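We use all heavy atoms of the structure for the numbers below, so side chains are in, but hydrogens, waters and symmetry mates are not. Predicted, not measured: the structure shown is a model, and the values here were computed from it. Protein chains get the first letters and strands the later ones, always in sequence-line order, with residue 1 at the start of each.
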Amino acid sequence: MPWRVPPADRKAGTAPDPYRVWLSEVMLQQTTVATVRDYFERFTARWPDVSALAAAADADVMGEWAGLGYYARARNLLKCARVVTDTHGGAFPADHAALLGLPGIGPYTAAAISSIAFDLPHAVLDGNVERVMARLYDIHTPLPDAKPELLARAESLTPATRPGDYAQAVMDLGATICTPKSPACGICPLRDPCRARQRGTAPELPKKLPKKAKPVRHGRVYLGQRADGAWLLETRPDKGLLGGMLGWPGSDWVDTALPMPESAPPCDADWQVLPGEVRHTFTHFHLILQIMTAEIRADATPDRGHFVDPAGFRPSDLPTVMRKAFDLAR
DNA sequence: TACGCGTGGTG
DNA sequence: TCACCAAGCGT
């Protein structure tokens, strides 16, 4: 992983860069290593340190984050970079409580930065560690109720020496051996002390409370383009779903398919229904979108959004649901 | 406290 | 095809 310092380098005195540790840990929140890798490389190439990121334009950072999801992370990333630059002299504080007070840094990330970047003995508790602790101690209390007990177990196992290596090791164990399905107990370094393996309960742990079903919502978006190639887009409000991201103007998203929610087009034009539909699943609902397209007259003034000329438009700046709409219309 | 908040891989 | 899952945080 490009954000890791290999053991040999660390032994030779190369400490991890707190900026890179922080950036990788925020990207890794609820996100897989495979997905994060390319984003991490693009971010660090474009913004090599925290002051460079702090000086970036909001739209550039949101565009670079597009597709990674949980966009509040990107807004908080910028806030945090600016706080570190403006009030901490451009250096991340080597202090767990101070880290915890920064935007977008919660209990997990504060512990990860403390231990990995600063060698401070704080216990990380992510999904991997929860699973490892639940199995190691055969804890059947369902999540999230079990969290305090799992945290206590994780803290009691965190060593005073090399806590950062330990944190990464226990997460690696969860990611590669103590996996959610079909755990590889046969090659696990903790197979002897593991109570769940002894009792045969490992595959069913950790227990989780049942999740709510996802409702289906419906809506409509407008993809308008002028003869000069400019697209009519809008920057969504900072709060809520896809907050701060670029997107197509459209209707509210409602729970019933018919009638299609009333929505004034963002600009006067001869809008046509595009055959087909966009389907997308968010954290807590499924969405089905109807796509409207039109060529917009050169002298038209939009009621919503702004025109983005083709030279300045990168489809990769769009969140995935909006990029799906673009792909369908192309 | 419980809920809102994305996405892509996987079995 | 689809539910589950991933290195969580803010409100």
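When heavy atoms are screened at a 4.0 angstrom cut-off, A/Gly174 is found touching no nucleic acid atom at all. A/Met245 comes within 4.0 angstrom of nothing in the nucleic acid, heavy atoms only. Nucleic acid contact class of A/Thr283 (heavy atoms, under 4.0 Å, all strands): base.
The shortest distance between the side-chain N/O atoms of A/Thr320 and the OP1/OP2 oxygens of B/dG8 is below 4.0 Å. In this structure, A/Arg131 reaches the C/dA6 phosphate: one of its side-chain N or O atoms is under 4.0 Å from OP1 or OP2. A/Thr109 has a side-chain polar atom (N or O) that falls below the 4.0 Å cut-off from OP1 or OP2 of C/dC9.
Closest to the side chain of A/Tyr108, out of B/dC5, C/dA6, C/dC9, is C/dC9. Considering only the side chain of A/Arg323, B/dG8 comes nearest among B/dG6, C/dC9, B/dG8. In the set B/dT7, B/dG8, C/dA6, the nucleotide with an atom closest to the side chain of A/Thr35 is B/dG8.
Among all heavy-atom pairs drawn from A/Tyr71 and A/Gly243, the shortest one is CB-O, 4.1 Å. Residues A/Gln225 and A/Gly229 come closest through the heavy atom pair NE2-O, 3.0 Å. Contact record, A/Leu289 with A/Arg220: CD2-N, 3.8 Å, taken as the closest heavy-atom pair.
Rounded to an integer number of Å, the gap from CD of A/Gln29 to C1' of B/dT7 is 15 Å. Between the C1' atom of B/dT7 and the OH atom of A/Tyr70 lies a distance of 9 Å, rounded to the nearest Å. Between A/Trp22 atom CH2 and C/dC9 atom P the separation is 14 Å, expressed in whole Å. For the pair A/Lys324 NZ and B/dG8 C1', the computed distance is 10 Å after rounding to whole Å. Between the NZ atom of A/Lys239 and the P atom of B/dC5 there is a distance of 12 Å, given to the nearest Å. For A/Leu68 and B/dG6, the CG to P distance is 11 Å, given to the nearest whole Å. The interatomic distance linking A/His284 (NE2) with B/dC5 (P) rounds to 4 Å, in whole Å. To the nearest angstrom, P of B/dT7 lies 17 Å from CZ of A/Arg279.
Two residues, A/Ala34 and A/Pro144, neighbour DNA chain B, and the one matched to the more 5' nucleotide by heavy-atom proximity is A/Pro144. Annotation: of the two residues near DNA chain C, A/Lys181 and A/Leu125, the 5′-most nearest-nucleotide partner is A/Lys181.
Contacts between residues 203-215 of chain A and DNA chain C, defined by a heavy-atom separation below 4.0 Å, involve A/Lys208, A/Lys211, listed by number.
A/Tyr39 and A/Glu64 form no side-chain donor-acceptor contact under 3.5 Å, judged by distance and modelled atom types alone. A donor-acceptor pair shorter than 3.5 Å can be found between the side chains of A/His286 and A/Thr281.
Evaluation of the salt bridge (charged side-chain N to carboxylate O under 4.0 Å, His left out) rule for A/Arg236 yields no partner, not counting sequence neighbours. For A/Arg199, the salt bridge (charged side-chain N to carboxylate O under 4.0 Å, His left out) criterion is met by A/Asp138, not counting sequence neighbours.
Look at the P atom in both C/dC9 and B/dG8: the space between them is 22 Å, to the nearest Å.
Here A/Phe43 and A/Phe40 keep their ring centres 6.0 angstrom or further from each other.
Between the side chain of A/Ser182 and the base of B/dG11, no donor-acceptor pair under 3.5 Å is found.
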